Protein chains: 2
Amino acid sequence: MDAIEAVESIQREMTAFARRARASAGRMHPELSLVSYTLLGHLEERDGCRATDLAAHYALDKSTVSRQVAALERAALVERRVDPDDHRVQVLHLTEAGREILAQVTESRRAAFQERLADWPEEDLVRFAGYLVRYNSPGTDRP
Amino acid sequence: MDAIEAVESIQREMTAFARRARASAGRMHPELSLVSYTLLGHLEERDGCRATDLAAHYALDKSTVSRQVAALERAALVERRVDPDDHRVQVLHLTEAGREILAQVTESRRAAFQERLADWPEEDLVRFAGYLVRYNSPGTDRP
DNA sequence: CACTTCAAGTTGTACTATACAACCAGAACT
DNA sequence: AGTTCTGGTTGTATAGTACAACTTGAAGTG
């Protein structure tokens with residue numbers, strides 16, 4: 001396999017993966033779509049942030065984020081706190097329930113990945129992870 | 001980084017990739033969604049196949065495939081030929097236009113990937129491609 | 001200060017991809 | 001001939017998304 005073939009293969013395989021990910025994520029966790037999961041994860045990681053930040057970070061329209069957040073709030077996984085310094089801003093925080101669901105889904109996803117990767121030598125796992133990080137890192141956007 | 005960390009990282013990065021792929025694919029090629037692209041690609045590779053095969057291969061509902069194919073036919077990228085041996089079956093084939101569009105989108109996707117991977121040493125590309133194939137191959141479905 | 005402009009979010013509307021269920025038509029197997 | 005299986009379409013519903021119009025608060029400018 002030369003470089004060109006490798007690039008084509010990477011393209012094909014990443015695409016193949018992406019095609020399935022959302023659907024299977026939905027099937028695995030009907031209570032938390034891939035998007036919701038990602039947003040909750042971001043909130044946990046940042047310990048709260050604004051809707052606008054989520055939109056910018058994930059290249060989503062602000063209306064999309066608004067509705068996602070509304071749903072998460074209805075489900076009591078997220079709460080909004082109006083920023084006292086700027087009353088336009090709502091800082092989003094995980095609720096206790098949100099934190100729990102997130103942990104639970106993360107764990108079950110982790111288990112699924114681990115099962116799939118069970119027979120890989122550690123060396124390969126580490127290298128694969130490194131490649132993925134490197135592949136994703138330049139980018140805000142492109143595929 | 002140990003194996004556990006690597007698994008978590010792989011999970012995170014694959015998910016991050018999946019989250020963006022469809023949207024950016026759509027933006028790059030408004031004329032051919034990621035799904036349509038994938039289906040056309042499959043038709044080219046197999047030199048024609050049945051709608052049911054597509055559904056099975058991509059874990060899509062047959063109604064979904066039916067509508068996708070209908071759209072592709074409306075766009076004159078695909079044509080149906082009733083199987084003379086079994087009148088229930090329609091064998092799908094790329095049209096000339098379909099072949100052209102597919103080639104064009106493939107090329108532009110390839111260029112985007114290649115740009116992104118431009119500064120990778122060939123050795124890493126080959127290994128990365130290998131990992132992806134290996135990761136995707138067991139599966140019909142997960143993660 | 002009054003006026004304009006900017007930024008954060010929400011709501012209305014529309015579209016796409018998708019699934020599930022009900023159905024139809026041809027084939028296969030008693 | 002009658003039942004069951006298979007390939008495909010259509011009806012209906014849902015999720016996720018974008019874009020445009022609007023509201024409200026903040027910031028800058030005369």
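Naming: A, B, ... by sequence-line order, numbering from 1 per chain. These values consider heavy atoms only, across backbone and side chains, with no hydrogens, waters or symmetry-generated copies. Source: prediction; values computed, not measured.
Between the C1' atom of dT9(D) and the CZ atom of R50(B) lies a distance of 16 Å, rounded to the nearest Å. Put simply, CG on L60(A) is 11 Å from P on dC19(D), counting in whole angstrom units. Atom OH in Y58(A) sits about 16 Å away from atom P in dG16(D), given to the nearest Å. Rounded to an integer number of Å, the gap from L54(B) CG to dT9(D) P is 12 Å. Nucleotide dT17(D) holds its C1' atom 13 Å from the CG atom of L39(A), rounded to whole Å.
Distance CG/L92(A) to CD/E73(A): 8.5 Å, rounded to 0.5 Å. Note that CG of L77(A) is 7.0 Å distant from CG of L32(A), once rounded to the nearest 0.5 Å.
For DNA chain C, the neighbouring residues in residues 78-90 of chain A, judged by any heavy atom under 4.0 Å, are R80(A), R88(A), V89(A), Q90(A).
Among the nucleotides dT17(D), dT10(C), dG12(C), the one closest to the side chain of K62(A) is dT10(C). Comparing dT17(D), dG9(C), dG7(D) against the side chain of T64(A) picks out dT17(D) as the nearest.
Each of D61(A) and D61(B) was matched to the nucleotide of DNA chain D holding its nearest heavy atom; the match closer to the 5' end belongs to D61(B).
In this structure, the side chains of R50(B) and Q90(B) stay at 4.5 Å or more apart for every pair of heavy atoms.
Checking the phosphate oxygens (OP1, OP2) of dT6(D), no side-chain nitrogen or oxygen of T52(B) falls inside 4.0 Å. Note on S63(A): every side-chain N or O is 4.0 Å or more away from OP1 and OP2 of dC19(D). Regarding contacts with the backbone of dT18(C), a side-chain N or O of Q68(B) is found under 4.0 angstrom from either OP1 or OP2.
Using bins of under 30°, 30° to 60° and over 60° for the plane-to-plane angle, the ring pair H57(A)/H42(A) lands in the tilted bin.
Within a 6.0 Å radius of CD in E123(B), no more than 12 heavy atoms belonging to other residues, nucleotides or ligands are found.
Side-chain N/O atoms of R67(B) and base N/O atoms of dT12(D) include a donor-acceptor pair closer than 3.5 Å.
Note on R88(B) versus D83(B): no salt bridge recorded, every NZ/NE/NH1/NH2 to OD/OE distance being 4.0 Å or above.
Taking both residues in full, the closest heavy atoms of L102(A) and L40(A) are given as CD2-O, 3.8 Å, listed atom of the first, atom of the second, then distance.
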